[in-house]
Amino acid sequence: MNYPHVEERNGNFYVQGSRVSLESIITVWREGHSPEEIRDAFPTLNLVEVYAAIAYYLDHQAEMDKLFREHEIEYQAQRAAAEAADPERYARLRQRFAEARERLQASPQSSIR
């Protein structure tokens, strides 16, 4: 099957002619968002491109899931190395995020909980 809207570049898959990765579309789709919501989140894409990306994923699910797992393992290793190199910075960041979450939860006008 031919997928003219998906291309491989440097070992990753993208919507053809864009910087939007297949992985980012599928991550949002797996969270339960509709193709229309995904298109709204990535305004450079049209609905055909979103559906084509999902179709490509479904047709190549085993190999894509393997690639996504490899990316996650690589990301976690890089994150751990960065935190080990500067633990104080990451402790400050965790503290700032915790304070921001507390402020959001205390705000009566916040719709994000």
What do you reckon, is CZ of Arg30 surrounded by more than 12 foreign heavy atoms closer than 6.0 Å? yes
Report yes if some heavy atom in the side chain of Val6 is under 4.5 Å from a heavy atom in the side chain of Tyr14; otherwise report no. no
If only atom types and distance count, is the side chain of Glu37 paired as donor or acceptor with the main-chain N or O of Ser34 below 3.5 Å? yes
Verify, without hydrogens or angle tests, whether Glu7 (side chain) and Phe13 (backbone) share a donor-acceptor contact under 3.5 angstrom. no
Any residue meeting side-chain hydrogen bond (donor to acceptor under 3.5 Å, both in side chains) with Glu99, in chain and number order, not counting sequence neighbours: Gln95
Mind checking ring pair (Phe, Tyr, Trp, His ring centres under 6.0 Å) for Tyr57 and listing every partner two or more places apart, or none if nothing turns up? none
Between Lys66 and Glu70, is there a side-chain N and carboxylate O pair less than 4.0 Å apart? yes
Kindly say whether the aromatic ring centers of His5 and Tyr56 come within a distance under 6.0 Å. no
So, for Ser18 and Leu45, which heavy atoms are closest and what is the spacing to 0.1 Å? OG-CD2, 4.1 Å
Count I, L, V, M, F, W, Y as connected when their side-chain heavy atoms are under 4.5 Å apart, and connections chain through other members. Are Leu47 and Leu58 then in the same cluster? no
Considering non-hydrogen atoms only, spot the tightest contact between Ile25 and Ala53 and give its length. CD1-CB, 3.8 Å
Among all residues two or more places apart in sequence or in another chain, which pass the side-chain hydrogen bond (donor to acceptor under 3.5 Å, both in side chains) test with Asp40? none
Is the Phe68 ring parallel, tilted or perpendicular to the His71 ring (thresholds 30°, 60°)? tilted
Correct closest heavy-atom pair for Tyr3 and Ala52 would be CD2-O, 4.2 Å
Tell me, do Pro35 and Val50 make a side-chain contact under 4.5 Å, heavy atoms counted? yes
Search all heavy atoms of Arg39 against all heavy atoms of Asn46 and return the closest pair with its distance. CG-C, 4.0 Å
Phe97 side chain reached by Arg94 side chain, heavy atoms, under 4.5 Å: no
Can you confirm whether Arg92 sits close enough to Arg89 that some side-chain heavy atom of one is under 4.5 Å from a side-chain heavy atom of the other? yes
Arg19 atom CZ: more than 12 heavy-atom contacts under 6.0 Å: no
Taking every non-hydrogen atom, the tightest pair across Ile26 and Ile54: CD1-CA, 4.0 Å
Applying the 4.5 Å side-chain criterion to the ILVMFWY set and letting contacts propagate, would Val15 and Phe42 be lumped into a single cluster? yes
Calculate, to the nearest 0.5 Å, the distance between atoms CD and CD belonging to Glu72 and Glu74 respectively. 10.5 Å
Are Ser24 and Thr27 close enough that a side-chain donor and a side-chain acceptor fall under 3.5 Å? no
